[in-house]
Structure formats: C-alpha cells, structure tokens
Protein chains: 2
Amino acid sequence: MKLIDSSTEHKILEAAKTEFLEFGLYGARMQNIANRAGINKALLHYYFRNKEKLFDKVFESALERYFSNMDIMSDDRLDFKERVHGLADRFLDFLNEYPQMALFLIKEVSANQILFIEKVDKNLRGNKTLLSALLDAQQKGVVSLENPMVFFVQLISMCTYPFVAKPLFTVIAERNETSWNSDSLTELRASIHSFIDHQLNLA
Amino acid sequence: MKLIDSSTEHKILEAAKTEFLEFGLYGARMQNIANRAGINKALLHYYFRNKEKLFDKVFESALERYFSNMDIMSDDRLDFKERVHGLADRFLDFLNEYPQMALFLIKEVSANQILFIEKVDKNLRGNKTLLSALLDAQQKGVVSLENPMVFFVQLISMCTYPFVAKPLFTVIAERNETSWNSDSLTELRASIHSFIDHQLNLA
DNA sequence: ACTTTTGTTAACCATTTGGTTAAACCATGA
DNA sequence: TCATGGTTTAACCAAATGGTTAACAAAAGT
C-alpha cells in the first residue's frame with residue numbers, strides 16, 4: 001500500500017511550494033527544490049515524474065486554498081451583507097499571510113490560460129463564489145447593484161492589488177516620506193468595508 | 001557620428017518589446033527576438049551587448065510611459081478633482097491599449113526590487129505624482145481625506161487590477177453566464193469616477 | 001582606388017538544466 | 001539469512017540557450 005504522505009514526498013512539496021511561489025514555473029530550478037528539500041534531484045522525478053507535474057500539484061493546492069475563501073458566501077448564519085464583509089476580511093487576511101500568492105496565481109494563470117480554465121472549473125463546481133452569490137442576490141432583490149460584475153471586480157481589485165503591487169507602493173510611499181505598512185492595511189480594510197456598505201446601500 | 005535610430009536597432013527594440021512583454025526577462029528567448037526582428041542573433045549582442053542590457057532598454061521605456069500618465073496632476077488648467085478624474089481616465093485608457101503592461105511591470109519590479117528603486121527615482125524626480133499631489137492638496141486643505149495613502153492605493157488598484165487579472169475575471173464571468181468586456185470597462189470607469197467623487201467629498 | 005570602420009552572418013562554444021540510468025541502500029517478510 | 005521491492009544516490013546525457021568568433025559585406029573616409 002502506498003503511503004499518502006511519506007516524509008520525503010511532503011518535504012519535496014514544501015520545498016517546491018517555496019521555490020515555485022518565489023520564481024514561478026520557468027524561474028524555479030529542480031536542483032534548488034532538491035537542495036531545499038535536502039534530497040537528491042532524481043527523487044523529484046521518482047515521486048513526481050517531471051517538473052510540470054510537480055508544479056501542477058503546487059499550483060492546484062494554491063488555487064484550492066485561494067478559492068476556499070469563498071466558502072463564507074454559503075454561511076447560513078450570516079446575512080448577505082455580513083457575508084460580503086466577511087469575504088473581504090478573509091481575502092485580506094489570506095493575502096497578508098501569503099503575500100506572494102496573488103502574484104503567483106495571476107502570473108501562472110496568464111501564462112497558461114487554456115489549461116487554467118479546467119482547473120478553475122474544478123474549484124468553482126458546487127461552491128458558491130462571490131460573483132454567483134452577487135448575481136443570485138441581485139436577482140432575488142436582496143441587493144440592488146448598478147452592475148454586480150463591476151462591483152465584484154472592484155472589490156476583488158481593492159483586496160488583492162495592494163499585495164500584488166506592494167513593492168511598487170512601498171517605493172512610491174517612501175519617496176513621498178510616508179509609508180505603506182500594517183497600519184495602512186488596517187485603514188484599507190476599514191475603507192473597503194465602507195465601500196461595500198456604500199455600494200450595497202445605493203439601491 | 002552614431003545614428004540614433006538605425007533601422008536595425010529599431011527593429012530589434014520593437015521585437016524585444018513584444019517578446020519581453022509576453023514572456024518576461026526569463027521567459028524571453030534571444031533567438032525569438034532575432035527571428036521577430038528578421039536578423040541574425042549575433043546582432044542583438046552587437047547592438048545591446050547582452051540580454052539584460054536589452055531588457056533594461058525595454059523596461060525603462062515602459063516605466064517611463066507608465067509614469068508619464070501622471071503628468072496630468074500638474075495641469076494648471078484643471079482643478080484638483082478634475083485632475084484626479086483625468087488621471088483615472090488616462091490610466092484606464094493606457095492599460096486598455098497595452099493590457100500586458102501592468103502585469104509586465106509588476107512582475108519585473110517584484111523580481112528585482114532593489115534595481116527598480118533607482119529606476120523609479122529617475123521617473124519620479126521632478127514630476128508630480130498622484131500621491132505627492134494628494135499629500136500636497138491634503139496639507140493645503142484642498143481636500144480632506146481619511147488617509148491619502150489608502151485612497152491612492154485603492155484608486156490605483158481599481159484602475160489596474162482589472163487588467164492584470166483579466167484572464168481570471170473572464171473565466172469566472174463565463175462560468176456565471178455573464179461577461180467581462182468593453183461595456184464592463186465603461187461601467188467600471190463610471191463607478192471609479194463616483195468613487196473618486198464620494199471620497200473627495202467626504203471631508 | 002584603397003583603406004578603415006561599421007554592419008551582418010554562419011558556425012561554434014560553454015554552461016545550465018530537465019531528465020535518465022544503473023547501481024547501492026535498506027526495510028520487511030519468508 | 002537472504003531474497004524482494006521500494007527508496008535513494010552519483011554519474012551521466014541531450015537539448016536549449018546566452019554568448020563569442022572569424023570571416024565577409026557594405027559604407028564612409030582619404
């Protein structure tokens with residue numbers, strides 16, 4: 001019987017995750033991954049056959065983790081507005097914990113758009129996502145948005161791009177004798193919440 | 001005397017721009033650039049010495065073009081609010097014309113943060129940027145924002161991320177039987193304008 | 001005309017890199 | 001104890017790739 005999580009396999013996945021998140025599919029080096037994991041390079045191929053297969057494992061688990069934040073949109077204990085607020089919080093917390101995640105996903109999705117469609121399907125299937133929840137709520141009259149798709153894009157943008165472009169914002173802030181730090185994040189969060197309130201109240 | 005723009009040099013730069021914008025520094029291939037330009041690979045080195053130097057030329061010109069949008073913040077014919085509105089429009093138009101630009105810049109800035117600081121300095125020096133204009137206006141009492149840095153980040157995020165993550169949004173939209181197209185862009189623009197008005201009027 | 005400089009090419013080189021192989025290692029059970 | 005099968009390693013290989021070279025062509029200078 002094959003062990004699901006032999007120690008070596010796990011070490012490889014952790015090392016691969018670190019390497020791929022930092023350098024992407026092209027930039028990552030198999031030898032580096034082996035070094036990080038403290039094992040021989042041939043073992044990578046023994047366990048995962050080739051670079052792409054290994055990358056796929058890492059990518060899929062990242063994608064899954066990313067979309068899992070959407071779960072809150074199906075939480076029956078919360079009313080609709082609370083769900084949207086909660087989702088924004090979860091996104092901000094998630095990206096604050098894994099700042100490289102957003103850029104990593106975007107880079108790889110852009111690099112291989114066709115392949116990505118299938119993978120997103122897997123993750124969307126069955127789960128409520130923000131957009132489908134918005135369209136649903138709109139149709140049922142729970143909310144009355146100018147354009148749900150636009151609201152969706154704006155909200156995701158405000159939650160995500162600050163982390164994607166953190167290096168850019170940091171440099172520009174410094175050049176203007178101010179800063180972009182954890183306090184700013186707190187205030188960004190507050191501002192996003194009031195954006196949500198403002199938009200959902202417009203009606 | 002050296003010709004500023006020998007036809008060959010220009011062809012190479014155009015080809016390099018296309019290749020680098022699509023594949024980035026690592027992904028781009030010198031042979032591909034030569035093929036695109038219809039010349040021998042050795043000529044790339046004859047004109048630009050090596051890959052990094054060639055990339056630098058492309059990168060710097062992209063960065064310059066990006067920051068040139070900020071010029072409008074010094075336009076004396078407009079009042080402050082008009083400038084901010086105008087800037088949002090210029091960014092949206094610019095990114096709509098070169099959709100790969102945003103991701104390209106972010107990718108390369110993240111990959112080589114230290115090097116980038118110097119280059120951004122060159123572009124910021126002397127020119128008014130959105131952030132400095134905001135801080136300035138805030139200090140002079142022209143506007144009264146909760147937090148100028150946060151407003152800055154939110155505005156840039158809403159203008160930029162929709163293009164960065166266009167593949168992602170497109171797929172998600174399709175999976176929900178809606179779409180993310182040029183009409184959406186028009187509505188996004190309107191929504192950003194009302195966001196600006198709302199924020200600048202809060203006081 | 002002819003010499004010098006600039007532009008261009010095909011062939012070549014060194015290194016990197018993903019991937020393979022054959023042998024060794026090691027646990028387990030007969 | 002020793003045969004078996006999964007695990008691990010060092011050495012190796014082929015392809016890709018950035019970069020160089022030497023010879024040649026075209027222009028420019030005299």
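The sequence lines fix the lettering, A, B, ..., with proteins before strands; numbering per chain opens at 1. Keep in mind that this is a model prediction, so the values were computed, not measured.
Side-chain N/O atoms of A:Lys41 and base N/O atoms of C:dG19 include a donor-acceptor pair closer than 3.5 Å.
Atom OH in B:Tyr46 sits about 7 Å away from atom P in C:dT6, given to the nearest Å. Rounded to whole angstrom, the span from the CG atom of B:Leu25 across to the C1' atom of D:dT17 amounts to 13 Å. Taking atom CZ of residue B:Arg49 and atom C1' of nucleotide D:dT20, one finds them 12 Å apart after rounding to whole Å. At whole-Å resolution of the value, CG in B:Leu43 and C1' in D:dG19 are 14 Å apart. Between the CD1 atom of B:Ile33 and the C1' atom of D:dT17 there is a distance of 12 Å, rounded to whole Å. Going from atom CD of B:Gln31 over to atom P of D:dG18 covers 9 Å, rounded to whole Å. Atom NE2 of B:His45 is separated from atom P of C:dT8 by 16 Å (rounded to the nearest Å). Here the P atom of nucleotide C:dG18 and the CZ atom of A:Phe55 are 13 Å apart, to the nearest Å.
Residues A:Asn40 and A:Arg29 both approach DNA chain C. Their nearest nucleotides, taken by heavy-atom distance, put A:Arg29 toward the 5′ side. Comparing B:Ile39 and A:Met30 along DNA chain C, the residue whose closest nucleotide (by nearest heavy atom) sits nearer the 5' end is B:Ile39.
Side-chain contact between B:Ile156 and B:Tyr161 is absent, with no heavy-atom pair separated by less than 4.5 Å.
Looking at A:Ser191 and B:Gln154, their side chains do bring a donor and an acceptor atom within 3.5 Å of each other. Checked by atom type, the side-chain pair A:Asp183/A:Thr186 shows no donor-acceptor distance below 3.5 Å.
Distances shown here put every side-chain N or O of A:Thr8 at or beyond 4.0 Å from the OP1 or OP2 atom of D:dT7. Contact check, B:Tyr47 against C:dT8: a side-chain N or O comes under 4.0 Å of OP1 or OP2.
Nucleic acid contact class of B:Ala28 (heavy atoms, under 4.0 Å, all strands): sugar-phosphate only.
Counted within 6.0 Å of CD on B:Glu146, heavy atoms from surrounding residues, nucleotides or ligands total 12 or fewer; the atom is thus considered open.
Between A:Phe91 and A:Phe94, the ring planes are perpendicular. Angles over 60° get that label, and only those under 30° would be called parallel.
With distances taken from any side-chain atom of A:Asn50 to the nucleotides C:dG19, D:dA10, D:dT7, the minimum falls on C:dG19. Nearest nucleotide to the B:Lys51 side chain, out of C:dG7, D:dG19, C:dG19: D:dG19.
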